[in-house]
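Data first, discussion second: the structure below is written as structure tokens.
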Protein chains: 2
Amino acid sequence: MPARPTMDDVARHAGVSRALVSLVMRDSPKVAPARRAAVLRAAEELGYSPHVLARALASRTSTVLGVLVSDLRNAFFAEVVEGLDAAARAVGFEVVLNTGGRKPAREREALDRLLSFRPAGIALLSPVLPSGAIGKAAESCPVVLVSRGSRLSNVDTVNDDGEAGAALAVHHLVRLGHTEIVHLDGGGGANSTSRRRGYLAAMREHELRPKVIRSEHTDEAGAKAVAELLRGNEMPTALVAGNDFNAIGAISALEDAGYRVPADVSVVGYDNTSLAALRHVSLTTIDQPRMELGRLAATALVERIRGERTAAARHLLNPELVIRDTTAGPRTKGRET
Amino acid sequence: MPARPTMDDVARHAGVSRALVSLVMRDSPKVAPARRAAVLRAAEELGYSPHVLARALASRTSTVLGVLVSDLRNAFFAEVVEGLDAAARAVGFEVVLNTGGRKPAREREALDRLLSFRPAGIALLSPVLPSGAIGKAAESCPVVLVSRGSRLSNVDTVNDDGEAGAALAVHHLVRLGHTEIVHLDGGGGANSTSRRRGYLAAMREHELRPKVIRSEHTDEAGAKAVAELLRGNEMPTALVAGNDFNAIGAISALEDAGYRVPADVSVVGYDNTSLAALRHVSLTTIDQPRMELGRLAATALVERIRGERTAAARHLLNPELVIRDTTAGPRTKGRET
DNA sequence: TCAACATATTAGAGCGCTCTAATTCAGAAG
DNA sequence: CTTCTGAATTAGAGCGCTCTAATATGTTGA
């Protein structure tokens, strides 16, 4: 590995001082055009590119935004990261990712590693960390939480409005004529709670009897929930699943049991994963504005970094209904085909 | 933000020199136990943690492995990263991710950003970069390529054996009794080429007439390919798709056209994405040893970094057949149900 | 007791950069 | 031809750490 050229090398090669090269590299306006050109040419010729680490050390500022992705396998985060990355780059920051595999211990390590880079700010995407760890991180740099709430005054949060989303699903089904709408909830997570709450509120609003089957965010769980419904012998005309995976499991179990979707039972998912869009699946679902979540997270960090805001930001974004082929009017009761 | 304590602070607080603190932090064996304890206590009390950037700058070494993920949305890479991360951490390195959205220009930028951290090594996961850019990167630090070949002697490669994988699919179908097996290929990529080659070789080996439909790695393309087959009015009994998405699109189009899978047509995918495992899909497919790919990539980098090897490593891993519910014996010709 | 040696500790230069303050340089004004 | 002014350039200290070489400290053998 040949040693990479330094600023001094460029300075010498261009016949100027290191300080001038530094100014050019940060494109300061107070460099004479001729000198600037000469420096740039010298840099080009030597194949020079600035050493960010040294820059960060010397300037005591960082342009790195650390992003902790709780689970890389979940494509949901990929788009949030994309939004975050785009917004960050637009204002001169860069994004460094790290992952924690949804295990608190590994996530702690990952957070520490991120922190040891002394980033300008940190975004935590749906972390499973204890809130104490988050608070401690927030003491050394701005922190924003995506898809997770917090009442800490020094951390910002960006969330999708799960209540609104679930309500959207219910309204859609009611509009189609459904009255027997069951919710397959997502178990423990904070997401699930608000989605369930939204479902319950919407059902109440329509004066319908709510029914919640405890489930989880996997396709297996969705299938199991349907099995439970099957045993009860009272299949509703519509299902609001906790997420897309759960919905797909439910659909699969329904079809196995001889029900047609959506002719006999309508199903709505949540998240609008790439899965839902597959023509084979074509799932009606709730779309979270993922890019926007990322963008807002980046913005929140940058505001804090620049000291433009000290109060906690609490963004709650509106999800959207995406109608595909798993919802339709209910079968006519008593006269089944 | 309160300024974080430095090594000097710890040294003063513990009544020793900065150099000693430095030794303790790198747990050097030549520090007297009493001093070590005192230093550690002081560090603890001040909440000190070393500044990695400063360390990297001073020691002119880095423990960072940069990983460029061409497409975060593709869960395939998530597992490769996991393997890479685990292996890297086990030997004292840490992984920093960056993404390029499968656009050469953005990928270039992402690579430059990664390089500007002066990482100890770089892993490129299925990059779309021109090979010149890769060669240039390899001049400043060790580089390993995953899911992409290279003949550069200073870059290592780790790949799944696509020829073997496609052959596996063909053998499986032949064993089931199929003779009319069509391949829906993946278009441009390097992956596709080797898979197609594997298909052709295996067909020849069984003395069967190969047929390749040009397609792409998306479900839409899979459906389109089936439509083409439909027009030709000669539906084969089995399909070997270029990847899982393609397979799913094909299945969906087949079912729309009244064919049952696998009763009428068997379909094999490639990649064993999480999609394939969904019970609703339950796709027979070829599994790449993703974690292992990551592990080997990390190992290759570390070997180069430590100077233990200078010759190029060319790892070619064996994929495995995962039999699920989209393959079965062929329908009996002429006596269709 | 003291040289001789091993071991523990520290001073101080330097990694590649930024930043402040000082210096140089033009050109305009007197 | 000075003097002044503002702009362009540079010297030099320092960011938080590591590393080499030098120094301090302790142990042992004669």
Side-chain angles (χ1 to χ4, degrees), chain A residues 1-40 42-43 46-64 92 115-120 140-141, chain B residues 1-40 42-43 46-64 92 115-120 140-141:
Chain A
M1 298 302 128
R4 299 191 60 151
T6 76
M7 210 169 241
D8 276 307
D9 297 327
V10 177
R12 219 168 301 124
H13 194 249
V16 299
S17 72
R18 184 186 59 237
L20 218 232
V21 178
S22 172
L23 288 175
V24 172
M25 286 306 149
R26 288 173 285 149
D27 34 41
S28 152
K30 43 179 153 187
V31 176
R35 298 296 185 104
R36 150 163 291 125
V39 168
L40 255 21
L46 297 181
Y48 171 80
S49 88
H51 192 316
V52 226
L53 268 47
R55 166 178 295 179
L57 187 59
S59 65
R60 268 140 297 182
T61 65
S62 164
T63 60
V64 172
L115 245 18
S116 70
F117 277 87
R118 304 287 192 279
S140 58
C141 74
Chain B
M1 298 302 129
R4 300 191 59 151
T6 77
M7 210 169 241
D8 275 307
D9 297 327
V10 176
R12 218 167 303 124
H13 194 249
V16 299
S17 73
R18 184 187 60 240
L20 219 229
V21 178
S22 172
L23 289 176
V24 172
M25 286 305 148
R26 288 173 286 149
D27 36 42
S28 152
K30 43 179 154 187
V31 176
R35 297 297 185 106
R36 150 163 290 127
V39 168
L40 288 175
L46 297 181
Y48 171 79
S49 87
H51 192 315
V52 216
L53 300 192
R55 167 178 296 178
L57 186 59
S59 65
R60 270 142 295 184
T61 65
S62 163
T63 61
V64 172
L115 244 19
S116 70
F117 279 88
R118 303 291 192 278
S140 58
C141 74

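In what follows, every chain begins at residue 1, and chains take the letters A, B, ... in the order their sequences are listed.
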Counting just side-chain N and O atoms, does [X] come under 4.0 Å of either OP1 or OP2 of [N]?
{"X": "B/Arg60", "N": "C/dC15", "answer": "no"}
{"X": "A/Ser17", "N": "D/dT10", "answer": "yes"}
{"X": "B/Ser22", "N": "D/dC17", "answer": "no"}
{"X": "A/Arg18", "N": "D/dA11", "answer": "no"}
{"X": "A/Arg35", "N": "D/dT9", "answer": "yes"}

Using a 4.5 Å cut-off on heavy atoms from C-beta on, say whether the side chain of [Y] contacts that of [X].
{"X": "B/Asp9", "Y": "B/Arg12", "answer": "yes"}
{"X": "A/Arg4", "Y": "B/Leu115", "answer": "yes"}
{"X": "A/Met25", "Y": "A/Tyr48", "answer": "yes"}

Take the protein atom [atom1] of [X] and the nucleotide atom [atom2] of [N], then report the distance between them rounded to whole Å.
{"X": "A/Asp8", "N": "D/dT10", "atom1": "CG", "atom2": "P", "value": "12 Å"}
{"X": "B/Met7", "N": "C/dA11", "atom1": "CE", "atom2": "C1'", "value": "15 Å"}
{"X": "B/Leu23", "N": "D/dG16", "atom1": "CG", "atom2": "P", "value": "20 Å"}

Touch class at under 4.0 angstrom, heavy-atom based, for [X] against every strand present:
{"X": "A/Val31", "result": "sugar-phosphate"}
{"X": "A/Ala19", "result": "base"}
{"X": "A/Val52", "result": "nothing"}

*So, does A/Arg26 use its side chain to make a donor-acceptor pair with the main chain of A/Val24 at under 3.5 Å?*
no

*Assign each of B/Pro33 and B/Ala58 to its nearest nucleotide of DNA chain C by heavy atoms, then name whichever residue's nucleotide is nearer the 5' end.*
B/Pro33

*Does B/Ala32 or A/Ser49 map to a spot on DNA chain C nearer the 5' end, using the closest nucleotide for each?*
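Closer to the 5' end of DNA chain C: B/Ala32.
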
*With respect to the side chain of B/Lys30, which nucleotide from D/dC17, C/dA8, C/dG16 is positioned closest?*
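Minimum distance to the B/Lys30 side chain belongs to C/dA8.
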
